[in-house]
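Each ligand, and each atom within it, is numbered from 1 in the order the structure gives.
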Amino acid sequence: MTPALGRSFALDLAKVTERAAVAAAHWQGRADKEAVDQAAVDGMREHLNTIPFDGVVVIGEGEKDHAPMLHNGERVGNGQGPRMDIAVDPVDGTSLTARGGPGALSVIAVAGRGTMFSPGGLVYMDKLAVGPEAAGVIDLEAPVSYNLEQVASAKGLDLDQLTVIVLDRPRNRDYIREIRRAGARIRMIGDGDVSAAIATARPETGIDLLMGIGGSPEAVIAAAAMRCMGGEIQTRLWAGTDQQRQYAIRHEQDLNQVMTTCDLVGGGEAYLAATGVTTGEFLRGVEFGHDQAITHSVTMRASTGTIRYIVTYHNLARSEGR
Ligand code: VTB
């Protein structure tokens with residue numbers, strides 16, 4: 001029988017994202033994206049390997065951005081304990097962090113071995129994400145206006161009270177036009193759509209939906225969060241170039257198939273931990289004081305649905321290197 005993960009496994013993961021976030025945060029606004037990522041990856045990898053589980057990286061940052069990865073297929077954890085899939089984004093929003101923008105976080109998701117979808121080289125997905133009140137009423141194949149009305153009615157809101165978060169990219173132009181035409185509000189972000197997807201399921205953020213095309217790894221991580229929070233994400237692989245369309249054909253990936261939350265992160269146990277790097281929709285970023293760093297994190301577990309917010313005061317003088 002596979003040994004179970006400890007009940008404090010999510011806390012162990014948060015310690016990893018805390019460490020990555022603090023390391024990355026030193027580079028905030030210093031216009032060095034590679035340094036942000038390298039610091040976070042080093043911080044994450046070192047601590048991850050002390051945790052008792054047998055993890056294999058299914059989603060490692062790097063395919064698209066050529067980041068110094070925790071690469072796909074890499075074994076992580078101390079090798080003892082349950083066999084799990086792991087998705088990491090040492091910093092979702094490395095560019096954001098490098099330019100000192102809002103909404104970057106460090107995040108890890110873990111689920112049973114073989115349960116996480118691997119998008120391979122297809123790095124983009126069309127996404128629609130909502131929180132628990134609107135789970136079950138959305139349809140990625142339906143018009144934008146339909147989805148907005150469905151979510152508004154599920155949440156008892158008028159359309160002009162509804163806030164849709166969208167990645168500011170030319171490829172999302174049609175979405176933006178349709179949302180405006182329907183009369184809903186837009187929160188435009190430069191990067192960081194993991195934080196954006198999670199925000200749809202956190203009532204304090206005032207964000208109701210995420211719409212548009214963003215990164216595939218980020219979609220799988222968001223799905224793990226949705227499994228824990230009871231929200232829903234629907235996605236479809238998106239190929240913006242001939243090269244990507246050819247890749248999809250070669251790898252027999254269906255660009256029309258809608259994938260739901262459980263297609264991305266299958267049933268069974270799932271965990272997620274995230275720590276803010278720069279202040280965003282639902283987590284504050286790292287704050288530094290004399291010999292001190294303050295981090296804001298969230299942990300989640302699918303089987304129990306527990307969500308914990310953790311504020312940690314790190315004594316840098318005493319804890320460095322431990
Ligand atoms: C988004 C965003 C990420 O990738 O998924 C985006 O949330 C999509 O890709 O923070 P492009 O930047 O190529 O448009 C990120 O920016 C991370 O790479």
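- Annotation: Gly192 places an N or O atom under 3.5 Å from an N or O atom of ligand 1; distance criterion only.
- The shortest distance between side-chain heavy atoms of Arg83 and Phe53 does not fall below 4.5 Å.
- Ligand 1 places these atoms under 4.0 Å from at least one heavy atom of Arg171: 8 (C), 9 (O), 11 (P), 14 (O).
- Arg75 pairs with exactly one of Asn49, Val56, Val57 by the side-chain contact (heavy atoms from CB on, under 4.5 Å) rule, that one being Val56.
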Determine, step by step, whether Leu255 and Arg236 satisfy the side-chain contact (heavy atoms from CB on, under 4.5 Å) criterion, reporting the C-alpha distance in whole Å, the side-chain angles of both residues, the deciding distance to 0.1 Å, and the verdict.
CA-CA 6 Å; Leu255 297 176; Arg236 191 168 38 205; 5.9 Å; no

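- What you find for Glu269 and Ala302 is that their closest heavy atoms are OE1-N, 3.6 Å.
- Note: an N/O pair closer than 3.5 Å links Asp191 and ligand 1 by distance alone.
- When heavy-atom distances to ligand 1 are checked against a 4.0 Å cut-off, Thr94 has no atom that comes that close, whether in backbone or side chain.
- Annotation for ligand 1: atoms under 4.0 Å from non-hydrogen atoms of Gly93 are 10 (O).
- Within ligand 1, counting atoms from 1 as listed, the ones closer than 4.0 Å to a heavy atom of Glu218 are 3 (C), 4 (O), 5 (O), 15 (C), 17 (C), 18 (O).
- Looking at Leu167, Leu210, Asn172, it is Leu167 that brings a heavy atom closest to atom 6 (C) of ligand 1.
- Atom CD of Gln243 has 12 or fewer heavy atoms from other residues, nucleotides or ligands within 6.0 Å.
- Shown in contact with Gly215 at under 4.0 Å from a heavy atom are these atoms of ligand 1, numbered in order with element: 1 (C), 5 (O), 8 (C).
- Here the side chain of Asn172 pairs a donor or acceptor atom with the backbone of Ile213 at under 3.5 angstrom.
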